[in-house]
S.K.: 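Dropping the structure in here first, questions after.
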Number of protein chains: 2
Amino acid sequence: MEKDASSGLIDSSEANNLSGQLRSTVGRLYRRFRSERAEGTLGDTALEVLTFLHKNGPHTLTELSDVGQVAPASMSQSVNRLTAAGYAIRTPDPNDRRKVRFSTTPEGAELAIVTRNQRNAWLDTQLQRLSPEDRGIIARACRLFGDIVDSP
Amino acid sequence: MEKDASSGLIDSSEANNLSGQLRSTVGRLYRRFRSERAEGTLGDTALEVLTFLHKNGPHTLTELSDVGQVAPASMSQSVNRLTAAGYAIRTPDPNDRRKVRFSTTPEGAELAIVTRNQRNAWLDTQLQRLSPEDRGIIARACRLFGDIVDSP
DNA sequence: TATTGTTATACTCTATAACTATA
DNA sequence: TATAGTTATAGAGTATAACAATA
């Protein structure tokens with residue numbers, strides 16, 4: 001397509017722009033997933049943190065911000081919403097009193113399960129329409145994506 | 001394995017929860033991509049709209065909100081930021097005066113190119129580390145994702 | 001000094017509701 | 001009436017900066 005001749009910048013030549021394709025696709029998928037949100041009061045990010053805690057057990061704030069790819073201060077506010085709503089609790093670490101471990105309450109665990117199923121319903125339907133082979137492709141891609149996200 | 005035939009409800013049974021895996025992975029990827037943002041004043045979504053317009057030519061507001069998976073009112077504000085900053089312009093449709101076509105200005109086109117390259121730099125590096133076969137997997141997955149996003 | 005977590009502040013993004021203008 | 005777009009308002013999410021407490 002077009003490039004700025006003076007800058008000599010890369011053009012992307014459509015055909016081979018896997019990065020752009022992946023970024024664009026991921027962005028659209030993300031917003032599509034988000035639009036399936038439940039009507040509850042908790043937002044998208046808070047629910048993701050809740051389901052993570054439910055699935056993976058208690059974690060510190062720093063761990064959560066690393067996993068969630070956000071700044072610690074951002075995660076602090078997300079978990080604030082969870083604790084304020086009674087879905088998670090803080091537990092000081094007895095060995096290192098700077099640390100706080102966050103975990104789900106029973107109410108939080110129940111909400112995590114309900115929410116997960118609600119939010120997966122649409123996507124499950126779409127995935128079931130695919131062939132087993134295509135689902136395999138997606139599963140393999142997910143593993144590759146996981147490695148990429150954790151790259152420095 | 002993953003379904004309850006009687007209720008039709010998905011159960012998830014950990015092991016084979018492809019939906020959950022995909023949602024979680026996409027969320028992390030999205031936030032990781034976003035963290036590579038340029039230092040400019042424009043936010044993530046506005047930049048995505050700008051690069052879309054640069055690549056795909058003028059579009060109406062409704063078209064943009066469909067592509068972006070957001071409400072028209074949300075997209076209206078995103079393009080407002082673009083036009084206010086001088087990176088895009090409105091052009092009334094002469095055939096249907098309800099419609100407005102949005103397109104990039106020369107400044108917007110240049111910013112789109114610079115931004116795209118900045119934002120792809122990190123991802124390009126990661127993708128180049130993969131084998132050609134693995135990149136093929138990702139490319140195939142992207143095509144599958146595209147179909148999924150456009151599903152009702 | 002370095003790490004962990006928090007609060008203060010400001011911005012982007014998004015949705016819903018109510019509105020105008022055109023078809 | 002239906003469609004395209006806008007504005008008003010509110011809330012979630014995020015970042016940076018400044019801070020406190022602990023190591």
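Since we're looking at a predicted model, the values are computed, not measured. The chains referred to below are lettered A, B, ... by the order of the sequence lines, with proteins before strands, and numbering in each begins at 1.
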S.K.: Name the closest nucleotide to the S74(B) side chain, picking from dT4(C), dT14(C), dT16(C).
M.R.: dT14(C)
S.K.: Calculate the interatomic distance between Q77(B) atom CD and dC11(C) atom P; express it in whole Å.
M.R.: 16 Å
S.K.: Between dA23(D), dT14(C), dT6(C), which nucleotide gets closest to the side-chain atoms of S78(B)?
M.R.: dT14(C)
S.K.: Which of these nucleotides, dT7(C), dT6(D), dT6(C), is closest to any side-chain atom of R90(B)?
M.R.: dT6(D)
S.K.: Expressed in angstrom and rounded to an integer, what is the separation of L82(B) atom CG from dT12(C) atom P?
M.R.: 12 Å
S.K.: Ignoring backbone atoms, test whether R34(A) places a side-chain nitrogen or oxygen under 4.0 Å from the OP1 or OP2 oxygen of dT14(C).
M.R.: yes
S.K.: Would you indicate which nucleotide in dT7(D), dG13(D), dT6(C) comes nearest to any side-chain atom of F102(A)?
M.R.: dT6(C)
S.K.: A73(A) has a side chain; which of dT14(D), dT7(C), dA8(D) sits nearest to it?
M.R.: dT7(C)
S.K.: Output the single nucleotide from dT14(D), dT22(D), dC13(C) whose closest atom is nearest the side chain of T45(B).
M.R.: dC13(C)
S.K.: Is the shortest distance from a Lys or Arg side-chain nitrogen in E133(B) or R140(A) to a carboxylate oxygen in the other one below 4.0 Å?
M.R.: yes
S.K.: Scan R31(A) against the nucleic acid and name what it touches under 4.0 Å (heavy atoms): base, sugar-phosphate only, or nothing.
M.R.: sugar-phosphate
S.K.: For a quick check of understanding: with a heavy-atom distance under 4.0 Å over all strands, which category does T62(A) fall into, base, sugar-phosphate or nothing?
M.R.: sugar-phosphate
S.K.: Using heavy-atom distances to pick each residue's nearest nucleotide on DNA chain C, tell me which of Q69(B) and S76(A) is more 5'.
M.R.: S76(A)
S.K.: Would L64(B) and V70(B) satisfy side chain to side chain contact (heavy atoms under 4.5 Å, CB included), going step by step from the backbone distance to the final call?
M.R.: CA-CA 9 Å; L64(B) 291 175; V70(B) 296; over 6 Å; no
S.K.: Starting at CG of N80(B) and ending at C1' of dT7(D), how long is that distance when rounded to a whole Å?
M.R.: 9 Å
S.K.: Check this one for me: any side-chain N or O of R98(A) less than 4.0 Å away from OP1 or OP2 of dA23(D)?
M.R.: no
